[in-house]
Structure formats: C-alpha cells, structure tokens
Amino acid sequence: AKKKGRGPTVLPHVHNRIMDERPVIILNSYGHVPDNAKDKVWDYVQRKYLISSKGKHWTLETLKEKWKCWKCRIKAKYYSPYETYDERWDKRPNTIPENQFKDLLHYWDNEATKEESERNICNRELATDMHTMGPTSFAFLREQLKQEDPNKQEPSKAKVYGHSRKRKPGKSYKTSFDEIATNILRTKYKS
C-alpha cells in the first residue's frame with residue numbers, strides 16, 4: 001500500500017493572521033518588486049504581510065512564478081500520465097474545484113497550447129549554460145556577494161555569472177564546464 005503523505009500545505013498560520021501578527025519584509029536593492037486581479041492579490045498580500053509599495057512588482061512576479069510552477073506540477077501529476085479526458089477527470093485532485101480543473105483540462109487540450117508547450121520543450125533543450133543554484137534566486141546571490149564584499153559593493157555581472165555556475169566535485173552535470181568557463185572569462189574582460 002502506498003504511504004500517505006502529509007498533503008498540500010494550506011498555511012493557516014499565514015492566512016489567519018491578524019494585523020499585529022504581520023511580519024515586516026525588508027527588500028534588498030533588487031526587490032523592485034495592472035489590472036484589477038493584480039490589485040486584489042496585492043491587497044490580500046498586504047493584509048497578511050507588511051511589504052512596502054516598492055515590493056509590489058517583485059511580489060507579483062514571485063507569485064506569478066509560483067503559480068506557473070504549481071500548474072506545471074499539476075499537469076505533470078494529473079494530466080500527462082493519462083491518455084483520456086475521463087481518466088484525467090477521475091484522477092483529479094480534490095484540492096482544485098471541479099470547474100477550475102475542467103478549465104485547466106480544456107486549456108491543456110487546446111491545440112495552440114499543445115504547440116506552444118512543444119516549442120517551449122524544444123527551446124528548453126537548447127539551453128546549455130544552466131546555473132547550478134537550484135532554488136536560490138539571483139537577487140539573493142547578488143545580495144550575498146555584496147555582503148561578503150569588504151566595501152559592500154554590488155557584484156559585477158561576471159562575478160554573479162561565475163558564482164551561479166559553480167560545480168560541486170563528484171556531481172554529474174548535463175553540460176560540460178568548458179563553455180561556461182569560456183563565458184566567465186569573456187564576461188570578466190567585458191566588465
């Protein structure tokens with residue numbers, strides 16, 4: 001029998017906060033972070049956290065990326081493994097309302113969407129110069145490098161590029177380091 005996991009995170013300790021319990025979020029210099037929907041999301045975030053208006057763009061971009069990742073995981077788990085609409089419907093997650101899951105199935109079944117997905121898969125396979133930072137953001141890396149600098153200066157593009165492509169000994173990678181090393185040298189000379 002398959003072991004039951006803990007299920008999706010619902011974060012009641014976040015969504016049930018009152019005004020005085022909201023943490024202040026301080027953005028670094030890269031946190032420059034229209035539409036009715038975006039305003040609603042921003043209003044909701046403001047009710048849960050104390051984020052300056054300078055962080056609105058960053059917050060909305062971050063939420064957009066999280067939304068894309070979530071849809072990708074849902075598609076991989078509840079759409080791609082099954083051949084027919086009926087199989088997908090029978091295996092649908094109970095965390096998504098039926099009308100929304102139906103919309104997702106129609107969207108993923110759309111020919112234009114399928115073509116765009118195939119194009120994106122092909123383009124992704126062409127990418128050979130991948131960073132090795134995992135989920136660490138470039139903004140976090142830049143801020144970390146800035147804090148490590150004795151003069152607290154912004155790191156150069158070459159330095160960020162080099163640090164974002166560091167290799168761990170003994171770990172295998174899809175691409176060789178030769179091209180990356182050449183790009184690091186090229187970037188250093190341009191700076």
Side-chain angles (χ1 to χ4, degrees), residues 2 5-11 15 30-45 55-142 157 160-168 171-184 186-187 190:
K2 184 178 176 186
R6 69 177 180 91
T9 303
V10 291
L11 298 172
H15 300 292
Y30 290 93
H32 327 294
V33 158
D35 324 316
N36 187 20
K38 285 185 180 181
D39 290 336
K40 284 182 184 177
V41 170
W42 178 243
D43 290 342
Y44 180 80
V45 169
K56 180 177 180 178
H57 177 73
W58 174 85
T59 302
L60 294 176
E61 286 296 309
T62 301
L63 289 172
K64 178 182 80 174
E65 289 304 313
K66 294 297 180 192
W67 172 247
K68 284 172 62 178
C69 289
W70 178 81
K71 284 192 305 180
C72 182
R73 284 195 306 270
I74 293 296
K75 184 178 181 183
K77 189 170 183 178
Y78 299 103
Y79 181 84
S80 299
Y82 307 107
E83 294 295 319
T84 67
Y85 181 89
D86 290 334
E87 283 181 300
R88 293 170 180 142
W89 186 255
D90 290 341
K91 303 290 185 180
R92 74 183 179 276
N94 60 6
T95 56
I96 302 175
E98 287 184 6
N99 62 333
Q100 291 179 14
F101 192 69
K102 191 180 291 185
D103 289 344
L104 277 173
L105 290 178
H106 289 299
Y107 174 74
W108 289 326
D109 279 335
N110 180 297
E111 283 306 315
T113 302
K114 287 181 180 180
E115 288 172 14
E116 182 180 4
S117 179
E118 285 302 316
R119 233 183 358 264
N120 289 340
I121 289 169
C122 292
N123 288 339
R124 183 74 176 151
E125 289 172 357
L126 295 175
T128 58
D129 185 9
M130 305 298 291
H131 71 75
T132 56
M133 299 187 313
T136 304
S137 72
F138 279 89
F140 183 82
L141 175 62
R142 285 189 294 265
K157 288 181 181 179
V160 172
Y161 181 87
H163 279 268
S164 68
R165 269 104 179 135
K166 280 187 176 176
R167 304 292 176 108
K168 293 180 182 169
K171 186 171 180 185
S172 66
Y173 295 89
K174 290 181 181 178
T175 58
S176 85
F177 189 70
D178 299 339
E179 183 181 341
I180 294 169
T182 304
N183 288 342
I184 290 171
R186 231 184 264 140
T187 312
K190 284 183 182 178

| request: Answer yes or no: does atom NZ of K91 have more than 12 heavy-atom neighbours from other residues, nucleotides or ligands under 6.0 Å? | output: no
| query | Any ion pair linking R119 and E116 (charged N to carboxylate O, less than 4.0 Å)? | reply | no
| remark: Sorted by chain and number, sequence neighbours left out, side-chain contact (heavy atoms from CB on, under 4.5 Å) with S164 holds for H131, M133, F138, L141
| request: Please name all residues satisfying salt bridge (charged side-chain N to carboxylate O under 4.0 Å, His left out) with E87, sequence neighbours left out, ordered by chain then number. | output: none
| note | CG of L104 to CG of N99, rounded to nearest 0.5 Å, is 10.0 Å
| With sequence neighbours left out, what residues match S80 under side-chain contact (heavy atoms from CB on, under 4.5 Å)? | K75
| field | Residues in ring-ring contact (aromatic ring centres under 6.0 Å, His included) contact with W89, at least two apart in sequence or another chain | value | none
| task | Under the side chain to side chain donor-acceptor pair (under 3.5 Å) rule, collect the residues that match up with Y85, sequence neighbours excluded. | result | none
| Residues which pass salt bridge (charged side-chain N to carboxylate O under 4.0 Å, His left out) with E115, listed by chain and number, not counting sequence neighbours | none
| query | Can you list the residues that meet the side chain to side chain donor-acceptor pair (under 3.5 Å) rule with K166, with sequence neighbours excluded? | reply | H163
| said: Run the ring-ring contact (aromatic ring centres under 6.0 Å, His included) test against Y82 and tell me which residues pass, sequence neighbours left out. | reply: none
| request: Tell me, please, which residues at least two apart from E98 pass side chain to side chain donor-acceptor pair (under 3.5 Å). | output: R92
| task | Nearest 0.5 Å please: distance from the CD1 atom of I74 over to the NZ atom of K71. | result | 11.5 Å
| For P93, side-chain contact (heavy atoms from CB on, under 4.5 Å) partners two or more places apart | Y78, T95, I96, F101
| query | Can you name the nearest heavy-atom pair linking R165 to T132, along with the distance? | reply | C-OG1, 3.5 Å
| query | With sequence neighbours excluded, what pairs up with K66 under the salt bridge (charged side-chain N to carboxylate O under 4.0 Å, His left out) test? | reply | none
| query | Can you list the residues that meet the side chain to side chain donor-acceptor pair (under 3.5 Å) rule with Y79, with sequence neighbours excluded? | reply | D109
